2 protein chains.
Amino acid sequence: MPQEKTNHSNASPYLSELTLDCVILSFHEDCLKVLLLRWKGTQEWSLPGGPIRRNEAVDAAANRILKERTGLDDIFLQQFHVFGEVERYNREGIKYKLKHLIDPDKWYERAVSVGYYALVDHAKAMPTPDPFTEQCAWWDVQQIPALLFDHNRIIQVARKALRTQLSWQPIGYNLLPEKFTLPELQRLYEAILGKGLDPRNFQRKMLSLGILERLAERRRGGAFKSPYLYRFKKEEYELKLKESNLFFS
Amino acid sequence: MPQEKTNHSNASPYLSELTLDCVILSFHEDCLKVLLLRWKGTQEWSLPGGPIRRNEAVDAAANRILKERTGLDDIFLQQFHVFGEVERYNREGIKYKLKHLIDPDKWYERAVSVGYYALVDHAKAMPTPDPFTEQCAWWDVQQIPALLFDHNRIIQVARKALRTQLSWQPIGYNLLPEKFTLPELQRLYEAILGKGLDPRNFQRKMLSLGILERLAERRRGGAFKSPYLYRFKKEEYELKLKESNLFFS
DNA sequence: TATCAATATGTTATTTTGACATAATAAGGA
DNA sequence: TCCTTATTATGTCAAAATAACATATTGATA
């Protein structure tokens with residue numbers, strides 16, 4: 001509902017008050033990784049993100065950024081929180097650190113940010129910097145440095161939202177390669193939940209969801225018993241994603 | 001992460017691209033009610049909401065609007081979705097319907113809206129219109145008319161989010177009076193979930209959460225056996241609100 | 001005091017969960 | 001070729017949670 005105001009036909013093709021930040025997660029070497037960008041001429045890192053075009057839906061902008069930073073399309077991308085504190089964006093320290101890239105006088109007064117998280121296949125993603133940055137790399141979520149803006153907090157909130165999602169929706173479709181083993185899936189769950197799980201109980205629970213298909217193939221190459229390969233049953237998986245209500249069946 | 005742009009020191013004290021909408025719910029006569037506003041000189045209804053001040057956090061704005069429309073403070077208010085489609089706000093039909101209130105030339109080009117829901121005590125809320133509206137009233141969620149903007153959809157999404165919340169968090173602290181009976185609580189759950197529940201199973205499950213305290217008092221006045229009154233144990237309730245992870249205990 | 005409507009309450013079978021240990025296998029090295 | 005080692009696959013049992021089900025009690029009213 002609007003307050004009356006002037007219709008300032010802004011020349012910029014971007015919204016000036018709203019941005020988004022993407023917590024893009026992958027799973028590699030048994031660790032959760034998050035994609036970060038290093039700003040040109042600095043050692044300062046931040047989340048991928050950016051402004052929203054005036055003719056672009058917010059969800060579309062999130063998909064665009066995911067595509068630009070990883071080359072990936074058609075990925076499960078979840079809004080999880082709006083970061084709307086007044087001082088989250090415009091802080092003198094940041095302006096100073098980035099003044100060689102952005103004129104401090106042209107800094108946004110304030111930017112509210114919509115947080116998204118995405119889960120992608122580590123092997124398929126092609127990390128790509130944006131015009132302000134010169135490096136795009138995966139960081140172990142356990143070893144993230146101090147980031148620009150409130151991005152450390154955004155990652156914390158995303159991880160909590162992801163843990164919550166895990167409790168009533170399946171996870172893993174985009175995070176794992178098409179074929180994977182149950183121990184791999186278990187390690188993914190352990191990485192997200194931050195704790196170990198019993199393999200027997202894990203298998204029982206996972207299989208009971210009815211979203212996994214065991215293949216005849218096994219994985220070879222390790223110095224150990226060959227594990228079976230599994231694949232998600234796409235339809236059943238999507239169905240579980242949509243359901244979501246557990247209480248009182 | 002900003003694109004470089006001009007720092008247009010906007011004269012308006014409000015953000016021009018971001019608004020919020022509040023789905024304020026209460027429970028009365030065994031039905032879920034939602035608070036709606038009727039615009040001056042029209043029969044058009046919409047959700048409470050509005051713009052965000054430039055020096056105000058988004059969550060603070062939601063609390064302000066809740067306070068302005070109901071007189072209530074300190075209520076559980078939950079962000080549940082960002083509505084960011086390009087055409088959701090600026091549609092010719094709406095401009096025309098409201099042209100006697102807002103100059104169509106001064107209409108926002110686009111407004112992204114953050115959706116919040118709140119659960120309030122029907123008896124304590126004082127429905128109060130805002131400057132654009134002349135009536136503020138409770139509507140049964142089953143009987144909502146066609147609303148302005150995308151507000152019907154916003155209510156649908158809010159109700160779904162609420163059902164999901166119900167599955168892993170307690171509900172009812174602000175929705176019910178301080179003292180209430182188990183059948184009342186059950187009817188609240190039934191209204192939210194849209195289905196009947198078995199009273200014996202409901203009681204067992206609710207009591208097992210450890211957030212209810214049975215009082216010595218009973219409610220008098222009905223032509224039937226006096227039900228016991230209960231009260232939420234605030235601390236345990238807040239704890240349950242914070243926990244939230246159910247999967248693999 | 002009889003009736004009525006709503007409330008309070010308990011049992012059982014089924015399902016789900018959590019805790020727990022061992023045998024099988026593939027590779028690599030002796 | 002065989003032994004070692006790391007990893008995977010798998011089953012049982014007790015406890016807890018769930019779903020399904022019906023009746024006795026009470027307070028007001030007629």
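Here the structure is a predicted model, which means the values were calculated and not measured. Here is the naming used below: chain letters follow the sequence lines, and residue numbers restart at 1 for every chain.
- The aromatic rings of Y237(B) and Y173(B) are tilted relative to each other, their planes meeting at an angle between 30° and 60°.
- Ring geometry for Y189(A) against F202(A) counts as perpendicular: the plane angle is over 60°, on a 0 to 90° scale with 30° as the lower cut.
- The CG-P distance, from L197(B) to dA20(D), rounds to 11 Å in whole Å.
- Q186(A) has its CD atom 14 Å from the P atom of dT10(D), to the nearest Å.
- At whole-Å resolution of the value, CG in L182(B) and P in dT9(C) are 9 Å apart.
- Note on ring orientation: taking the six-membered ring where Trp is involved, the planes of F180(A) and F232(A) are tilted (angle from 30° to 60°).
- Put simply, K205(A) has no side-chain N or O that comes within less than 4.0 Å of OP1 or OP2 on dT16(C).
- For dA8(C), the OP1/OP2 oxygens have no side-chain nitrogen or oxygen of Q203(B) closer than 4.0 Å.
- Atoms CE (M206(B)) and P (dT9(C)) sit 17 Å apart, rounded to a whole Å.
- Here the two rings, on W45(A) and W39(A), have centers that are 6.0 Å apart or farther.
- A straight line from CZ of F202(B) to P of dT9(C) spans 15 Å, rounded to a whole angstrom.
- Across all strands, R214(B) comes closer than 4.0 Å only to sugar-phosphate atoms, never to a base (heavy-atom distances).
- The aromatic rings of H151(A) and F149(A) sit tilted, their planes meeting at an angle between 30° and 60°.
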message: Protein within reach of the bases, or only the backbone? For nucleotides 23-30 of chain D, mark each nucleotide 5' to 3' as B, S or -, using heavy atoms under 4.0 Å.
response: --BBBS--
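- A donor and an acceptor atom sit less than 3.5 Å apart, one in the side chain of R204(A) and one in the base of dG18(C).
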Identify each donor-acceptor pair in which a side-chain atom of residues 118-128 of chain A lies under 3.5 Å from a protein atom, sequence neighbours left out, and give them as a table.
| residue | atom | partner | partner atom | Å |
| --- | --- | --- | --- | --- |
| D121(A) | OD1 | A123(A) | N | 2.9 |
| T128(A) | OG1 | M126(A) | O | 2.7 |

